[in-house]
S.K.: 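The structure under discussion is supplied below as structure tokens; questions concerning it will follow.
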Amino acid sequence: CINALADRTRKGAHVPYRDSKLTRLLKDSLSGTSVAAMLCAVSPSSDQYEETLNTLKYANRARQIQNKLLIAQDPVQARIADLLEQVATLTARLQHYESGGGPLPPLATFSIS
């Protein structure tokens, strides 16, 4: 899973989150819907060399992951924000006309649905 996420040449490829318990636990962090910090526990002992090396390799692959942040937004809230923006634009135009301002360029058509 980490290899699939870290490989920048495989855009849009399937990421097998079920292959590892660790990647299943970190699924939200690795997919870009939240933020995580990774700490690696390494040992100076020579009999733990392989485990330490594997941990550092895993952390290095995880560090290479670059995701676009996803902002979870309720569709109703998005629509409200859009309508508030339209109201602000129309209010500004109305104040311009009421203060004797000249003609303004036409607005893009608003869709009310």
Side-chain angles (χ1 to χ4, degrees):
C1 174
I2 294 294
N3 291 335
L5 288 168
D7 188 5
R8 294 186 185 134
T9 61
R10 295 177 51 186
K11 293 281 185 191
H14 172 70
V15 179
Y17 288 109
R18 293 187 196 178
D19 288 354
S20 166
K21 290 180 182 178
L22 181 58
T23 54
R24 195 174 325 129
L25 288 172
L26 295 173
K27 181 179 180 179
D28 289 334
S29 299
L30 296 173
S31 64
T33 57
S34 63
V35 177
M38 181 176 286
L39 299 174
C40 298
V42 297
S43 173
S45 175
S46 62
D47 54 325
Q48 297 295 321
Y49 173 77
E50 288 295 324
E51 192 68 30
T52 297
L53 182 62
N54 288 336
T55 300
L56 292 173
K57 285 180 180 178
Y58 185 87
N60 188 43
R61 286 191 308 265
R63 186 175 58 105
Q64 294 172 355
I65 297 171
Q66 293 182 353
N67 288 324
K68 288 190 339 186
L69 181 63
L70 299 175
I71 299 174
Q73 187 175 20
D74 181 24
V76 173
Q77 293 297 326
R79 183 66 179 151
I80 290 171
D82 183 43
L83 291 173
L84 287 174
E85 182 181 333
Q86 289 179 15
V87 167
T89 302
L90 293 173
T91 302
R93 290 178 71 90
L94 179 61
Q95 288 174 352
H96 174 77
Y97 287 130
E98 286 177 344
S99 66
L104 293 173
L107 289 172
T109 58
F110 292 120
S111 63
I112 298 177
S113 55

S.K.: Between CD of Gln86 and CG of Leu84, what distance do you get to the nearest 0.5 Å?
M.R.: 9.5 Å

S.K.: Judged by atom type as modelled, is there a donor-acceptor pair below 3.5 Å linking the side chain of Thr52 to the main-chain atoms of Val42?
M.R.: no

S.K.: Within the distance-only criterion (no hydrogens, no angle test), does the side chain of His96 pair as donor or acceptor with the backbone N or O of Pro103 below 3.5 angstrom?
M.R.: no

S.K.: List for me each residue that meets side chain to side chain contact (heavy atoms under 4.5 Å, CB included) alongside Tyr49, sequence neighbours excluded, and say none if there are none.
M.R.: Leu53

S.K.: Got a second to check how far Thr55's OG1 is from Glu50's CD, nearest 0.5 Å?
M.R.: 11.0 Å

S.K.: Mind checking what makes side chain to side chain contact (heavy atoms under 4.5 Å, CB included) contact with Thr91, not counting sequence neighbours?
M.R.: Val87, Gln95

S.K.: For Pro106 versus Arg93, what's the shortest heavy-atom pair and its separation?
M.R.: CA-NH2, 4.3 Å

S.K.: Looking at CG of Asn54 and CD of Glu51, how far apart are the two atoms once the value is rounded to the nearest 0.5 Å?
M.R.: 6.0 Å

